[in-house]
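Everything below concerns the one structure shown next.
Chain identifiers are assigned alphabetically (A, B, ...) following the order of the sequence lines, protein sequences preceding nucleic acid strands; residue numbering begins at 1 within each chain. FYI, side chains are in, hydrogens and waters are out, and symmetry mates aren't considered; it's all heavy atoms of this structure. For clarity, every value in this text was computed on a predicted model and none was experimentally measured.
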Amino acid sequence: MNYRCLDDLRSFLSGKYPDAKPGSDWEIVADICPAEMNGDITVNCFRFAKIFRKNPDQIATESAEFLSSHPDVEKAEKIKAFVNVTLKGEAVHRDTVAKINEILGSPILPEGKRQKVLIEFSAPNTNKPQHLGHVRNNTIGMSLASLMKRVGHDVVRINLVNDRGIHICKSMIAYQRFGEGATPESSGRKGDHLVGDFYVRFDQELRKQLAELREKNGELKDKTDEELFLQTEIGRSAQDMLQKWEAGDPEVKSLWLKMNSWVFAGFAKTYERMGIEFEHTYLESQTYLLGKDLVEEGVKKGTFFKREDGAVLIDLEDVKLGKKVLLRADGTSVYMTQDLGTTLLKYRDNVPDIQIWVVGDEQIHHFKTLFAILKKMGYKWAENLHHLAYGMVNLPTGKMKSREGTVVDADDLFDEMVALAKAATMERVGEGKVPEDIDRRSEIIGLGAIKFNLLKFNPKTTIMFDPQASIKFEGDTGPYVQYACARINSIERKAKEAGLVIGDDINWKLASSHEEKELSVRISQYRDVLRQSAEKMDSSTLCEYLLELAKAFNRFYREHSVLNADNDELKRTRLALCCRTRDVVADGLKSLTIDVPAAM
RNA sequence: GUUUCGGUAGCUCAGCUGGAUAGAGCAACGGAUUUCUAAUCCGUGGGUCGCAGGUUCAAGUCCUGCCCGAAACGCCA
């Protein structure tokens with residue numbers, strides 16, 4: 001929020017109390033005046049009275065006096081240590097909507113604070129299609145990248161695909177046995193779903209064999225599934241296949257390439273629909289051996305140590321993380337070793353200032369350890385690594401579990417929401433008036449609903465996804481925000497038809513109603529919200545703001561007509577206010593990778 | 001056991017560096033449309049902010065302890 005009277009108040013107070021030396025970065029930040037207080041903005045003097053070592057009440061009195069005589073101010077009223085300010089019509093708009101290009105145009109951060117940011121997200125496994133959990137990850141990652149870019153950072157988006165390992169072999173084994181040569185083409189099934197079917201099929205067979213095993217051997221009854229895995233025929237087969245893969249067996253590699261290509265084709269469609277793109281995609285099959293050389297180096301330097309059996313460990317007791325194995329006694333590497341390797345690879349390829357991982361909160365400990373190790377290894381950039389740990393998505397019925405078939409499939413969810421959006425649109429346009437862009441519109445609304453529904457929560461909270469509630473497009477939703485834009489688009493179209501042109505000579509003084517002023521005041525907060533949202537890496541701050549702005553518009557819409565206003569000058573002023581409001585809302589949604597339909 | 005994250009209205013969640021009488025959406029109930037899109041707007045009811053101490057002029061917010069929930073603490077990824 002940036003108003004001239006606030007800047008002047010700041011100068012006035014600084015001049016009056018020169019001994020306080022508040023520093024140059026100090027500013028007076030006002031809030032929206034609470035509805036019942038009767039004002040436009042509120043200055044909370046508690047916040048900065050400390051700087052002057054004065055009684056907040058005294059500062060408030062002086063501030064109210066100063067503001068009362070300020071040319072921009074209609075009224076300034078002191079209540080306790082708050083000063084509620086009513087701005088004059090032209091002043092309230094002058095520093096916000098009237099200068100919309102300054103709000104929408106430039107990056108938010110000053111040049112010195114812009115950095116090169118590497119964001120890794122998605123990181124799917126190529127053995128099954130993506131589900132709601134992935135959708136949250138994709139949405140958070142993509143919108144974070146977009147938001148960081150919006151505020152001025154140079155962003156590199158990275159996907160690290162988990163395309164090898166025992167879980168991939170499971171699908172392959174099941175396909176060999178039960179696949180009957182099916183392909184996405186022959187079965188008409190999307191590639192990732194087809195492969196996922198065989199992953200499930202493997203599990204069914206494994207359960208059957210586990211049950212048989214336990215029945216035959218009573219003493220195995222108390223063993224876990226994991227412990228018995230290699231005692232089942234199918235489990236052993238999967239393990240054998242993994243070893244063959246690692247040995248480069250041509251037959252296994254060929255099947256692996258074929259099935260993975262199906263999955264990649266499927267993922268590409270899912271990503272495209274979500275509007276997700278990456279600058280680089282790394283494949284684990286090409287990076288999983290990285291990190292081993294670091295281990296040797298670390299032992300030589302004394303950062304790591306060799307245990308009697310030959311395994312290599314690092315001691316992290318001093319940072320309360322215990323000891324961590326980095327190389328097994330048999331010389332094979334572990335997850336951490338790989339991650340050390342890929343982190344280094346990503347750094348060398350991109351040389352970022354900051355690296356961010358969008359990964360579930362169950363891996364908080366892993367990343368703490370990873371960062372601690374890199375610091376011990378002496379990399380200065382290790383100070384700038386962040387794990388954006390997001391919470392799980394639960395259903396009203398409990399946790400999502402692939403095995404129990406309780407996952408919400410990403411593609412199904414998209415289809416369902418888009419179909420609902422389409423049905424809702426059809427219902428409101430009436431019979432025989434199907435818009436030609438209905439499919440594109442429905443896609444924007446349906447996907448917007450899903451994304452907004454995931455982004456309006458703080459990433460770290462474990463959220464409850466209620467399918468019943470999520471199919472509604474009313475209230476705190478993406479479509480609500482989009483709807484405000486659609487209404488404005490409609491006004492703009494009709495204004496054009498009526499030959500109403502905004503022009504350059506807008507008389508902002510005319511937009512003096514409470515609703516019109518509120519729009520301006522809210523818009524003046526936009527840049528601060530963007531900055532804060534990016535800084536906290538929390539999309540919910542921006543979502544909350546966009547809801548408030550859309551709400552303020554809807555209130556205005558209810559109270560004041562644009563096209564039926566008393567005179568053309570007022571029509572033009574209101575039209576300009578509306579269009580600029582929409583531009584801000586659309587910019588905010590775009591920063592979250594949500595589109596706006598032309599009409600709804 | 002240790003660590004981390006949660007606990008705010010019937011439900012789902014906001015509440016930034018402590019500041020006015022704790023907010024929103026949904027659900028419930030009652031209103032609003034000769035007017036630019038009702039995917040809208042307005043109103044009513046609904047709260048010991050997990051509990052107990054402490055710091056402060058001021059605590060949902062900071063500190064300590066405890067209770068409850070989730071996750072992590074692998075030579076799985």
Fill in: Watson-Crick/G-U partner (both atom distances under 3.5 Å) of rU61(B)
none
Discussion item. Classify Ala484(A) by what it touches in the nucleic acid, base, sugar-phosphate, or nothing, heavy-atom distance under 4.0 Å.
Written reply: nothing
Worksheet item: Thr477(A) near the nucleic acid: base, sugar-phosphate alone, or nothing, with a heavy-atom cut-off under 4.0 Å?
Response: nothing
Kindly list each side-chain donor-acceptor pair under 3.5 angstrom involving residues 463-473 of chain A, sequence neighbours excluded, with atom names and distances?
from, atom 1, to, atom 2, distance (Å)
Asp466(A), OD1, Gln468(A), N, 3.0
Ser470(A), OG, Asp466(A), O, 3.4
Ser470(A), OG, Pro467(A), O, 3.0

Worksheet item: So, do Tyr335(A) and rA77(B) meet the stacking rule of ring centres under 5.5 Å and planes under 30°?
Response: no
Worksheet entry | Whole-angstrom distance between rG23(B) and rU33(B), as gauged at atom C1' | 29 Å
Fill in: Upstream residue (5' side of RNA chain B) when Asn125(A) and Lys536(A) are each assigned their closest nucleotide
Lys536(A)
Worksheet item: Step by step, would you call Arg522(A) with Glu518(A) a salt bridge (Lys or Arg N to Asp or Glu O under 4.0 Å)?
Response: CA-CA 6 Å; Arg522(A) 294 227 178 250; Glu518(A) 192 192 344; 3.0 Å; yes
Response to the item:
Of Ile491(A) and Gln363(A), the one whose nearest nucleotide on RNA chain B sits closer to the 5' end is Ile491(A)
Practice prompt. Look only at the side chain of Lys78(A) and the backbone of Ser63(A), and say whether a donor-acceptor pair between them is shorter than 3.5 Å.
Written response: no
Worksheet item: Looking across every strand, which nucleic acid part, if any, lies under 4.0 Å from Thr462(A) by heavy atom: base, sugar-phosphate, or nothing?
Response: sugar-phosphate
Worksheet item: Does Thr42(A) make a side-chain donor-acceptor contact with the base of rA20(B), cut-off 3.5 Å?
Response: yes
Item to complete: Determine whether the side chains of Ser143(A) and Lys451(A) contain a donor N or O and an acceptor N or O closer than 3.5 Å.
Response: no
Worksheet item: Contact class for Glu474(A) (heavy atom, under 4.0 Å): base, sugar-phosphate, or nothing?
Response: sugar-phosphate
Worksheet item: Taking any strand in view, what nucleotide pairs with rC41(B) in a Watson-Crick or G-U wobble way, both distances under 3.5 Å?
Response: rG31(B)
